[in-house]
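Step one of this worksheet: look at the structure below.
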Amino acid sequence: MDQQQPLLSTKALTIGYLRSRQVSRTVAKSLDVSLWAGQLVCLLGPNGAGKSTLMRTLAGLQDPLGGQIFVTGQELAQLSPTALAQKLSLVLAERVDTGNLLVRELVALGRTPHTGWFGNLTISDHEQVQNALEMTETLGFAHRRLHELSDGERQKVMLARALAQDTDLILLDEPTAHLDLPNRVEMMRLLHRLSRQTQKAILLSTHELDLALQTADKLWLLDANGHLAVGAPEDLVLTGAFEITFAKEGFSFDRNTGTFTMHANEIGPTLHLTGDENLLFWTRRALYREGFIVGPSNEAVCTITASNQSGRATWQYTMNGHDSVFFSITDLLASLQELKNNSVLTTKSVLKQ
Ligand SMILES: Nc1ncnc2c1ncn2[C@@H]1O[C@H](COP(=O)(O)OP(=O)(O)OP(=O)(O)O)[C@@H](O)[C@H]1O
């Protein structure tokens, strides 16, 4: 494979929609991006930013409003549908009508660009289908009809078909949309493994910010104004691009922990936290949710110490000379809430560490 040339690239690409041959909506313009062999890239952005529009345009399902797309060096507009299908496979989020097809038959359709509509499958084609079923863990329902599957099972089968198509490029529009958490993680791990083992270039759009941050080699961040930022996940977090793209009232992104924090509806008193880091992480989240501010001890009305005592999670604070000890966050919050309601927390107290 030519490592000097990206598998997919764009030059001054403009994407959007036409109505009566007039541009009715320009979603993004001046896009210059590239996808390289062995790369897993996640396309992220808020609702309506243009992720599906970009995926569909890159896959040749929708014409660009301007600029060019190159697939393995050749302009996409010049490729026949079969030539394109030998290079690029697309997995869409929406349900497609597959009639009465068996799962194995649908996955075998992935071989069509290589065999032709009436082409018989060779032993090697059957092996590719089998491999694709095994890799996606869909072999167990290969004999079932597609309309008998759950949305999550169906999504894995669609990936199996793309794998059977055996293209250098795989584009997936929200492949984790219908999966539960373990399957979402598994899907991302599988895609990551595939990009490494097979040197395929994989681009997927997703709303799974956390999983994307952990697994992607590169992120394409499309904001609501059609601006695309490209880079390693960590660079985009450190430069603040990640935060800006998802900026919305009501929550913020914490660069230190890589997590989103919801803002509480009301602002409560400041508390200081100290002790076991693991416990502090979850304590902090609970306190934020309840509208408390976590801050330095000199600004706090009390200090809560979280520790593991004989393997038991314990929270402790002292107020007005009275020690309070709790063995769950629920009980700690109940106590703090009571104090808040009684306005005791409005006066600063010296508390035991
Ligand atoms: N057929 C269409 N004609 C005109 N505008 C459209 C059409 N389809 C989508 N749009 C608009 O294009 C913009 C991008 O839509 P798109 O579906 O690509 O966003 P998205 O990032 O995939 O959103 P989501 O995360 O909600 O799936 C939106 O403002 C949408 O309203």
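Quick note: numbers below take in every heavy atom, side chains included, and nothing from hydrogens, waters or symmetry partners. Just so it is clear, the model here is predicted, and its values are computed rather than measured.
- A donor and an acceptor atom, one from each side chain of Thr206 and Glu208, are nowhere located under 3.5 Å apart.
- A 4.5 Å side-chain heavy-atom check between Leu146 and Arg154 finds at least one atom pair inside the cut-off.
- Of all heavy-atom pairs spanning Ser195 and Ile202, the tightest one is N-CD1, 4.0 Å.
- Hydrophobic clustering places Ile170 together with Leu179 (ILVMFWY residues linked when any side-chain heavy atoms are closer than 4.5 Å, directly or through intermediates).
- Between Phe242 and Phe246, the distance separating the two ring centers is shorter than 6.0 angstrom.
- A donor-acceptor pair shorter than 3.5 Å cannot be found between the side chains of Thr245 and Asp223.
- The two atoms that bring Thr176 and Gln155 nearest to each other are N-NE2, 4.0 Å, heavy atoms only.
- Of all heavy-atom pairs spanning Val71 and Leu76, the tightest one is CG2-CD1, 3.8 Å.
- The neighbour count for His192 NE2, taken as heavy atoms of other residues, nucleotides or ligands under 6.0 Å away, is above 12.
- Here the rule is side chain to side chain contact (heavy atoms under 4.5 Å, CB included) with Leu40, and of Leu203, Leu35, Asp217 only Asp217 fits it.
- Arg56 and Asp173 are not joined by a salt bridge, as no carboxylate oxygen comes within less than 4.0 angstrom of a charged side-chain nitrogen.
- Scanning both residues, Tyr17 and Leu65, for their nearest heavy atoms gives N-CD1, 3.9 Å.
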